[in-house]
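Reading through the structure tokens given below for one structure.
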Amino acid sequence: MLEEVFCYGLDLGHESALISRYNTKTREPEPVCCGKDGQELSMPVVLGLRIADKEWLYGQEAVRIVAKGEALGADGLLKRLCCGDGIVLGGEKYTAEFLMEEYLRRILSLMGHADGGRITVLVVTLPEGAQTAFGALAEIFARLGVKKERVLLLSHTECFMRYIVNMKPEIWANDAALFECDDAHFYYDRLYFSRKREPQSVLSERRDFTEEYFSGGICREDAKRRSYWFYNMVQQQLSGQSVTSIFVTGSGFADGWVMDALQRLCDDRRVFYGQNLFARGACYAAYMYLGKRACIFLGENMTCEDIMVKAYHDAKEQYFLISEAGSDYRTVKRTLRLILDGTNEIEFLVDHAMRREPLHEVMILDHLMQRENKTIRLELKLFYVDRNTPIVQLRDIGFGREATTHRIWEQIL
């Protein structure tokens, strides 16, 4: 008998949260919380401390009793966790971590795993700017019984990437676009798909319209003007591009001002609008974490290429991997040492995940000090300035008693 798996996706926002569970029979995420009409329900990220008996209530029930004056309310739980702000209720101070732990304890009870022990994988996604809370959330879930190795923390973009590769192939036969707006950010993410290599790669590139939308005053225009701006912005971004699917989500679209623009965009593209995209994407990600589908996801901070250096080892020339596609560029800091053998050139192989053929890059070390063969030792360092700019640095570090110039060479690969 196969072991049952419990894979969940939690989209934890500033105002509300959505939970999905992966149904292994239908191979689809399904909502954990539904109304009487079967409609998926979001839960306010709010706690209420009932005055009568000091009992904690959460979500819609907390909102209701706080409104009636029967409880003291604590909202903004995610923002409090990000900045470490506690709150005083009834003369007693509660820390941000305590409040979030109380809220998540009730989230686990909704999943049917109050102690967290039976959860196979839980993927949590947070809005832009809230990723600083990832560490604290991992600690809280661990205290609630969900071991750290069972909790995966992803950005909205990373969840969208998992979401779309689980859709029908015709939806992502070409590239796809995501437009996300909340009360502080407005982003456009474009996804590119590499179908000529295995495993398949999915690459995201982001453009930020936050300043134009908020600082430029567009957010304060009436619905008709905002819809007109959105339609023209989308047309401009996608002009001449192979994007045939558009996804629109976020609390900033919730009042429906964008609907006129979406109807016009439907003329030649598939358009999807809703608020459960990230919860479902997180749920797919949880199941994919178990190895159910092989893809390389190149999110906004992930490197896009394998980088190898050519060297002589074990009586043959070979390429040594020094950076792998899908690594967080901010953590790539590789160092190794080489000895030159009758050459002043170092060869690299740059294998971009979205290209069919790799590129050969040669670094020429000019003005080398003249020394006997195999007495020039170099220290190689590889690091990234940003996601798309790998820098290789070579430094002459001498060899034994041989003199050195400490000369440094740098090149963008």
Side-chain angles (χ1 to χ4, degrees), residues 8-21 29 31-35 39-48 58-63 66 73-85 87 96-97 99-108 110-111 122-138 140-141 151-163 178-187 189 210 213-214 219 247-256 258 272-286 299-300:
Y8 293 91
L10 170 62
D11 179 14
L12 181 61
H14 292 298
E15 304 297 331
S16 62
L18 280 170
I19 317 172
S20 292
R21 176 186 171 182
V32 170
C33 299
C34 294
Q39 187 71 22
E40 185 171 8
L41 294 179
S42 62
M43 294 155 292
V45 185
V46 174
L47 284 175
Y58 76 104
Q60 197 60 49
E61 179 65 11
V63 172
V66 169
D75 57 7
L77 303 186
L78 183 56
K79 291 180 180 178
R80 293 181 186 280
L81 188 64
C82 290
C83 57
D85 287 346
I87 190 173
E97 286 204 10
L99 295 170
M100 183 59 77
E101 186 168 335
E102 285 300 312
Y103 184 80
L104 294 178
R105 191 189 311 277
R106 285 150 179 82
I107 292 293
L108 292 181
L110 288 175
M111 297 178 184
L122 170 62
V123 172
V124 182
T125 184
L126 302 181
E128 187 69 26
Q131 280 76 24
T132 54
F134 275 164
L137 287 171
I140 291 172
F141 277 115
V151 179
L152 185 62
L153 304 162
L154 297 179
S155 69
H156 281 179
T157 302
E158 290 170 321
C159 287
F160 175 54
M161 297 167 85
R162 273 75 172 180
Y163 174 87
L178 169 69
F179 293 90
E180 179 187 359
C181 178
D182 59 21
D183 61 353
H185 303 94
F186 198 120
Y187 292 118
D189 286 319
T210 300
Y213 184 71
F214 289 99
C219 64
F247 295 79
V248 178
T249 190
S251 59
F253 294 117
D255 62 1
V258 77
F272 301 88
Y273 171 80
Q275 301 299 331
N276 64 354
L277 187 155
F278 300 127
R280 291 174 64 85
C283 193
Y284 281 125
E300 56 264 41

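- Annotation: ring pair (Phe, Tyr, Trp, His ring centres under 6.0 Å) contacts of His185 (sequence neighbours excluded): Tyr187.
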Does the side-chain hydrogen bond (donor to acceptor under 3.5 Å, both in side chains) test come out yes or no for Ser251 and Asp182, once each step is laid out? CA-CA 5 Å; Ser251 59; Asp182 59 21; 5.7 Å; no
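- Side-chain polar atoms of Asp11 and Thr125 form no donor-acceptor pair below 3.5 angstrom.
- For Leu154 against Ala285, the heavy-atom pair with the smallest separation is CD1-CB, 3.7 Å.
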Given Leu104 and Leu10, is the side-chain contact (heavy atoms from CB on, under 4.5 Å) satisfied, shown in steps? CA-CA 10 Å; Leu104 294 178; Leu10 170 62; 4.2 Å; yes
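- Arg106 has a carboxylate O that lies under 4.0 Å from a charged side-chain N of Glu102, or vice versa, which qualifies the two as a salt bridge.
- You'll find the side chain of Leu178 reaches within 4.5 Å of the side chain of Phe278, heavy atoms only.
- The shortest distance between side-chain heavy atoms of Tyr58 and Val46 does not fall below 4.5 Å.
- Within the 4.5 Å cutoff, no side-chain heavy atoms of Glu15 are placed close to those of Pro44.
- Taking 4.5 Å as the limit, every side-chain heavy atom of Thr132 sits out of range of all side-chain heavy atoms of Leu81.
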side-chain contact (heavy atoms from CB on, under 4.5 Å) between Ser42 and Gln275: does it pass, once the steps are laid out? CA-CA 9 Å; Ser42 62; Gln275 301 299 331; over 6 Å; no
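- Counting only heavy atoms from C-beta outward, the side chains of Val248 and Phe272 never approach each other to under 4.5 Å.
- No side-chain heavy atom of Val45 sits less than 4.5 Å from a side-chain heavy atom of His14.
- The shortest non-hydrogen separation linking Arg80 to Asp75 is NE-O, 2.9 Å.
- The two residues Ala62 and Leu47 make their nearest non-hydrogen contact at CB-C, 3.7 Å.
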Between Leu12 and Met100, does the side-chain contact (heavy atoms from CB on, under 4.5 Å) criterion hold? Intermediate values first, please. CA-CA 11 Å; Leu12 181 61; Met100 183 59 77; 4.2 Å; yes
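- Between Glu180 and His156 the shortest side-chain heavy-atom distance falls below 4.5 Å.
- Residues Asp255 and Gly252 come closest through the heavy atom pair OD1-O, 4.4 Å.
- Using a 4.5 Å heavy-atom cutoff, the side chains of Leu126 and Leu153 are not in contact.
- Between Phe247 and Phe160, the ring center distance clears the sub-6.0 Å criterion.
- The minimum heavy-atom distance linking Cys181 with Phe214 is given by the pair SG-CZ, 4.5 Å.
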